[in-house]
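Below, all heavy atoms of this structure are taken into account, side chains as well, without hydrogens, waters or symmetry copies.
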Amino acid sequence: MSPLTTPWPPRIMSPAAESGPSPGQRTAARSCTGRRVLHDAVGGAALSVAGASIGRMTDTTASGFDWRSFLRRWSGEWADALPAGETRSEADEAARQARWLGFPPASEERIAAMEERLGRRMPPSYREFLGVSDGWRHAGGFVWLLAGTGDARRHENESGLAEMFEQYLDEDAGPEARREADIWRRGLQLDVESDITHVLMDPEDVDEDGEWAVYTWASWRAEPPERHANFRAFMEQMYREFHRLRARPGGRRPAFVNDTTRKLDALVEEARLEALRGRWERAVEALDEAGKYGRPRARGLGDQIRRLLGRTYTVSFGDLVTDPRYASELLPPLVAEHAAHSYRGESALTSQLGGAGDDVRALTHALLERMRNGSYRYTAAGPFGEAVERAREPARWGDTDGAWRTLVDAVPRWEPLGPDHLAPLGWVADPVLGPLLTPERGRELLSTPRGGQAGETPEPTAGLDPGGLAWLAEPDPLSSRTSYRFVLVEGVQPAELPGRLADGDGTALNPPMSSWEAHRGLLDGRGEVSSYEDRALLAVGRAGPGWSFAFDGHPASFDRQRFVSPAAAASAGTRVVVVWSDLRTRHGEPFFHLSVARDGAEQYAFTCVDGQVRRSGEIPPVLDPSRFFGGPEGGAEAERPLLEAVAGEFGVHLPRHAIVHGRLHTFTSRSWTRPPRDGEWYWSAWTEGPHGERAAGRGETSGEETAGR
């Protein structure tokens, strides 16, 4: 850090004794240009969303910002928040007594001399600031002295940080990353004394008003440099940081309370009521602003809204999560997010609990165990709790649209656990109900008046399932899936499907799980895999009135020589439809299979492989393969009309949201292939232990091709 050029300790002057900017630098008093203003809950006093002004501005500069009032208010609040005897130096003590953190204003001549020395005209907001105070003490909590005209200088990589940041650049690094690395060479340094916190203005990051961006960085924050649009925005952020650091008691120091904090807390309370009225956009804006000042309730209230909008990573619910009144609702989403990442140790979770009591910590550990073994089940009191139980049944069998309507229609009768409980939240961690949530549905729930507050009822969100089967022909944005197979069984409940499609009568359904979870569990439990047989992992649910489905979105390769449709074996006393398609394959031969059986016998079937059709039985005209294959169109183009024809012929559909994003019951079917015959080949692969023995656990993979036995 450079030595001070201003005499130290500096002379303290109160704002009343200072000469301000010249009249030519001022305009008529007006509110902050372009700033949205909310009204607090007490008397409608103006509260700037940006935090620049609480109260009214009366002494504005050419830009319309009243630097003098802003800095005077900051200084007075700093002095009030600092107990006697806790100043860092005699100069700080003098500043506390004078209630002024600044210095005498810089004259226009002094500013011009600085600009001549640096070879650049300074940006407007910094010039205006200097005309009120030539430097500043305690900008936030970690910059103890901010440069005025005498101390501002080119950094010229004095810190050596340019090389460190450049080490992390690669050939794909964008302009922003390269600018962050180069700022250390071209930036204007404003920090004079700090807690290893750098403040640089960037003369090449300039907006249309001539303002330079300000970058701050501290190694102990382990974050990239933070960009502020201009010097004024930086100072506003430092003012908020001052409040944030004083918002909570520490040691013998009580929490700081004054008119600013009281107005912010009134704004938080009004935001709470607005959220319950369904006006969550207004609420979250006000809570975000209050949160920048560290107001204690703002984070916990705002995170409830953010979680229902789909945010998970940065949500912690603040102090509310450790309050026993709310723990049963707020802990489950937090614990579920932790459990979803197996690499996270329990310390990462318990560190978020702060001063939680033993009962909350015990609940946390119990929830974590239930999340990991899939046994967590959300419950709630009153009419909403009854709706939760009614919604569970359609959700577990794939009717997510019906389950959502049951749930959200009961929200007006939901009973909060306390005044700071904004919405039901525990259900998002439920393995069956949680997948119902989408950002659109979250907005619908948040827009629904509840908790005894009145408001407008929102329009229902559109259903997520398109109906029919044709959606299977659409590219999957989340994977490269092109192949799938499914079984449709008429007049049978989903829970009865294992008895028809699996070996033996004792096959039970697995607990609901996502497709990824189900396949990971299947592979982890296998010590050996083989093409000798093809047992499908099938997710089950309802496929429309009177039909159930069993779906496999990750089938094995189609073996047309050994394939045996499960339709006939599953059709005792009913009708069964089997479809297996991979017409869009990028590897191997494209194919499509349809078979229909009734009362234990196949009625008709066809298989098209690489354009060649093999058929049997009397196929209805609407499903005749000649309509789809052999003409100018065929192959992948035939997939959608084929699926539409199947859906229309049998009156069935598959629930897209439940299959792709939800959790369904699963089971493992009998093989879809016959055993290999003499002269036919199959492959096997297994894991080996450290001494070459076959093992059920993970290890090196070996394999062989073996003649049929």
Does the ring pair (Phe, Tyr, Trp, His ring centres under 6.0 Å) test come out yes or no for W212 and F231, once each step is laid out? CA-CA 7 Å; W212 301 6; F231 180 76; over 10 Å; no
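- In this structure, H243 contributes its side chain and A247 its backbone to no donor-acceptor pair below 3.5 Å.
- Q237 and E241 are not linked by any side-chain donor-acceptor pair at a separation below 3.5 angstrom, with hydrogens and angles left out of the test.
- Counted by atom type alone, H228 and T216 present one or more donor-acceptor pairs between their side chains at under 3.5 Å.
- Proximity of R307 to L437: side-chain heavy atoms (C-beta onward) are separated by under 4.5 Å at one or more points.
- Using modelled atom types and a 3.5 Å distance limit, the side chains of N230 and Y126 yield no donor-acceptor pair.
- In this structure, the separation between CZ on R99 and CH2 on W78 is 10.5 Å, given to the nearest 0.5 Å.
- At distances below 3.5 Å, not a single donor-acceptor pair connects side-chain atoms of R72 with backbone N or O atoms of W100.
- Side-chain atoms of R137 do not come within 3.5 Å of backbone N or O of L146 as any donor-acceptor pair.
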Go through the steps for W427 and Y376 under the test ring pair (Phe, Tyr, Trp, His ring centres under 6.0 Å), then give the verdict. CA-CA 10 Å; W427 66 272; Y376 174 69; over 10 Å; no
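- For the atom pair CZ of R232 and CZ of F70, the computed distance is 8.5 Å after rounding to the nearest 0.5 Å.
- A salt bridge between E285 and R282 is absent, with no side-chain N of the basic residue lying under 4.0 Å from a carboxylate O of the acidic one.
- A heavy-atom distance below 4.5 Å is not found between the side chains of L188 and L200.
- Within a 6.0 Å sphere centred on CD of E281, heavy atoms belonging to other residues, nucleotides or ligands number more than 12.
- Of the possible polar contacts, one joining the R244 side chain to the K292 backbone as a donor-acceptor pair under 3.5 Å is found.
- Rounding to the nearest 0.5 angstrom, the gap separating the CZ atom in R73 from the OG1 atom in T260 is 6.0 Å.
- At distances below 3.5 Å, at least one donor-acceptor pair connects side-chain atoms of D191 with backbone N or O atoms of V199.
- A donor-acceptor distance shorter than 3.5 angstrom exists from the side chain of R441 to the backbone of L436, with no hydrogens or angles considered.
- Checking side-chain atoms of Q304 against main-chain N and O of L422 turns up a donor-acceptor pair under 3.5 Å.
- Side-chain contact annotation: E444 with W404, donor-acceptor N/O pair under 3.5 Å present.
- Shortest non-hydrogen contact noted between H155 and W184 is CD2-O, 3.1 Å.
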Using side-chain contact (heavy atoms from CB on, under 4.5 Å), reason through N258 and K263 one step at a time and then give a plain yes or no. CA-CA 9 Å; N258 73 343; K263 289 177 180 179; over 6 Å; no
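- Using a cut-off of 4.0 Å between Lys/Arg side-chain N and Asp/Glu carboxylate O, D265 and R297 are scored as not salt-bridged.
- When all heavy atoms of G141 and L245 are compared, the closest pair comes out as CA-CD1, 3.4 Å.
- Applying the side-chain hydrogen bond (donor to acceptor under 3.5 Å, both in side chains) test to every pair with at least one member in residues 317-332, sequence neighbours left out, gives these pairs: R248-D319, D323-R325, E329-Y378.
- When side chains are defined from C-beta on, D202 does not count as touching R227, because their heavy atoms never get closer than 4.5 Å.
- Atoms CG and NE2, from D92 and H138 in turn, are 3.0 Å apart once rounded to the nearest 0.5 Å.
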Please test L101 against L71 for side-chain contact (heavy atoms from CB on, under 4.5 Å), starting from the C-alpha separation and ending with a verdict. CA-CA 8 Å; L101 286 168; L71 297 177; over 6 Å; no
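- Closest heavy-atom contact between A327 and L363: CB-CD2, 4.0 Å.
- Using a 30° and 60° split on the angle between ring planes, F65 and W67 fall in the perpendicular class, above 60°.
- Contact check on D303 versus R306 returns a salt bridge, with a Lys/Arg side-chain nitrogen under 4.0 Å from an Asp/Glu carboxylate oxygen.
- Heavy atoms only, all atoms of each residue included: P124 and G210 are closest at CD-O, 3.4 Å.
- A donor-acceptor contact under 3.5 angstrom links the side chains of E77 and Y239, judged on distance only.
- A distance of 9.5 Å separates CE of M371 from CG of L334, quoted to the nearest 0.5 Å.
- Take W280 and apply the side chain to side chain donor-acceptor pair (under 3.5 Å) test, not counting sequence neighbours, and it matches S447.
- A salt bridge links R186 with D182: the distance from a Lys NZ or Arg NE/NH1/NH2 to an Asp or Glu carboxylate oxygen falls below 4.0 Å.
- Without hydrogens or angle criteria, E274 side chain to R279 main chain gives no donor-acceptor distance under 3.5 Å.
- Judged by distance alone, the side chain of T197 and the main-chain N or O of A218 form no donor-acceptor pair under 3.5 Å.
- When atom types are taken as modelled, the side chain of D207 and the backbone of E211 share a donor-acceptor pair closer than 3.5 angstrom.
- Listed here is the closest heavy atom pair of V268 and A290: CG2-CB, 3.5 Å.
- S194 and H198 share no side-chain donor-acceptor pair at under 3.5 Å.
- Rounded to the nearest 0.5 angstrom, F384 CZ and E415 CD are separated by 11.0 Å.
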